[in-house]
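Single-structure report; data block below.
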Amino acid sequence: MPVARPETSDARVIAHVDMDCFYVQVEQRKQPELRGLPTAVVQYNEWQGGGLIAVSYEARKCGVKRSMRGDEAKAACPEIQLVQVPVARGKADLNTYRSAGSEVVSILALSGKCERASIDEVYLDLTDAAESMLADAPPESLESIDEEALKSHILGMRREDGDDFKESVRDWICRKDADRRDKLLACGIIIVAALRKQVLKETEFSCSAGIAHNKMLAKLASGMNKPAQQTVVPYSAVQELLSSLPVKKMKQLGGKLGTSLQTDLGIDTVGDLLQFSETKLQEHYGINTGTWLWNIARGISGEEVQGRLLPKSHGSGKTFPGPRALKSLSNVQHWLNQLSEELSERLSSDLEQNKRIASTLTLHASAFRSRDSDSHKKFPSKSCPLRYGVTKVQEDAFNLFQAALREYMGPFGNKQETWRITGLSVSASKIVDIPSGTSSIMRYFQSQSTVPSCSADGCVQEHIVNAPSASEGCSEQRSVETQAASLEGDTGATYTLPDLDNLHKNIDLIPEKDMSCLLNETTDFQTQSGSNKGTQTKRIGRKTNNAKEKNQGMPSIVDIFKNYTATPQSKQETREDSTVSSTSKRANFSSRSSHSSEVNQEVEERRETEWSYKIGEIDQSVFDELPAEIQREFRSLLRPNKQLKAGKSKGDGSASSIAHYFPPLNR
Ligand code: TTP
């Protein structure tokens, strides 16, 4: 059964920008004496010199590969410089690399719609910029073309023997008789070359780029000529590119689906897929995957560049290979505490800097059992609504782990059998912007008014959580409540909440001693402004000119959300918040039993959507940061969606689905 074809337009200009040996470049910027030397960044792990995670192009020339350990790299290239990844909480600390990636994003985002695809990759939709250039200053009208643009690799470009490479590129870029699609790509070449030069000038990082009329082709092209080069895929070169492209080279075909295409259909290259009708591919792989395969064989991809400069989720993970596998609950708890602390720190700064809040906490682990009768059994992933505050995240992560462990070991777990944990990660997803304005914040709270929370026994528990009332929870927070607003919610109840927007505006009035509560006791922080939430940062001043505010504790945005807890609270109950000044009491939440039936229904709906693990909600950038072992586990845990299952049942039994690997972004 044919399904709707994605909207495609050949007249688009999409670029995929990928930093070259990124972590190495970040370290070389820190230590300029390493520039030009064979260099590699190694994981935090002393064993055999640590595992290499990034290798400079000079080191690659000596045969050093990412799969090597430090000792092997030294054997292959004795002069190699090994730099250890920064460490915090006993694990790799990627913050420097994340911020370096943000620097790049903030430059590229000025050129058009920009999607941060991973820690060092960006997609740009440059169609508008290219259209403007074509209209106002087409390439053939330019007096000169930048040298960087003239170094571009144009797939399928015809060149006579002896032709000068740059002259041929110039001719291609300035062709008057080219069709509009290629003319737009020619503008893209000039725009991207200028952007790459700007990135180099402002950040000292070199990058490579692919330019094509869709994301899939741009991504393929960006890796074809590295480092510091750009590659263009004219429309006429698409079939040639795909016909020789091994299936496994396509990101989504690197796993089981690619293997199945090779073994079940005898396909070696993406172009080989052209022999199969869409119906045939659907019979084998289900409707969506079949159509997707049919499309990619023709270079068709309707995937839009998302205007997203910030990650879709945050994650923190660590592996414990070989003898370092964790075997006691106290050890697991120790590491979950570390990971949760890091996650909380990032959530807090996301909230502070970007006014974004995450709502789902997911725990994932990889494990094995001592007497594994069922060696394929995966350690289940568990999710629950996310509660802000380090101790809450730690507590929930550990509860999720215990629930998952029980499921993993079985209800009547054999007492003789022991378990080992080889990887742990916690991540926060479903991140949304906090709507500005008290009224919408109120709605936000109300829409969140019933949330299941994780419990020690691993079951979902539902609690009715209401917004704090002014008289109860915020009674001692009057100093920030200057902007408090009273409003009528849908339920007819009247609540008062501090105005988050104005709290932000007034943030520089917060006394120094109370700044700490804003960022989990961190006293030095930054904020960002404008729609471009990149790295342009502004140090917040610390005025204490408001006498009233000087001596009174200020609750923070973080505290407001900490207060907004899924923990059951009986009416009128109040608690002391240990993380805020002792005078500031926590907000109260009262049960509203009159809404219980609606609430139960909502709970059921939420239970279905929230007590499950969804890889689609995990950002690729976060996914890439997770330990390879956990990434593998993630992949193997993906389940086909119902529609695909329907397709599968019609098939030959060998059916698989793309959902096993990377679900389309719109899923
Ligand atoms: P990549 O973009 O895959 O590689 P790279 O930038 O080092 O090199 P290239 O020029 O070939 O693109 O990864 C970006 C960074 O992510 C990399 O510098 C280090 C980190 N990384 C890991 O930590 N572990 C991994 O397994 C991979 C693939 C990357």
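Ligands are counted one by one from 1 in listed order, and the atoms in each one are counted from 1 as well. Remember, it's a predicted structure, so these values are computed and weren't measured experimentally.
The ligand atoms of ligand 1 that sit less than 4.0 angstrom from a heavy atom of D18 are 2 (O), 12 (O). Shown in contact with C21 at under 4.0 Å from a heavy atom are these atoms of ligand 1, numbered in order with element: 5 (P), 6 (O), 7 (O), 8 (O), 9 (P), 10 (O). Below 4.0 Å from some heavy atom of Y57 lie the following atoms of ligand 1, by number and element: 9 (P), 10 (O), 11 (O). Each of the atoms 2 (O), 6 (O), 14 (C) of ligand 1 lies under 4.0 Å from some heavy atom of D120. Counting the atoms of ligand 1 from 1 in the order shown, those under 4.0 Å from a heavy atom of K226 are 9 (P), 10 (O), 12 (O).
Between the choices M19, R66, Q43, R60, the shortest heavy-atom distance to atom 13 (O) of ligand 1 belongs to R66.
Checked by distance only, ligand 1 and F22 come closer than 3.5 Å through their nitrogen or oxygen atoms.
Under the side chain to side chain contact (heavy atoms under 4.5 Å, CB included) criterion, D128 pairs with no residue, sequence neighbours left out. Residues that satisfy the side chain to side chain contact (heavy atoms under 4.5 Å, CB included) test with D268, not counting sequence neighbours, are D272.
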key: Stepwise salt bridge (charged side-chain N to carboxylate O under 4.0 Å, His left out) check, R35 with E204   = CA-CA 11 Å; R35 279 192 204 284; E204 300 175 32; 2.5 Å; yes
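Side-chain N or O atoms of R12 include none that pairs as donor or acceptor with a backbone N or O of E304 at under 3.5 Å.
The salt bridge (charged side-chain N to carboxylate O under 4.0 Å, His left out) test with D146 is passed by exactly one of K166, R196, K197: K197.
For E121 and K219, the salt-bridge test passes: some basic side-chain N is under 4.0 Å from an acidic carboxylate O.
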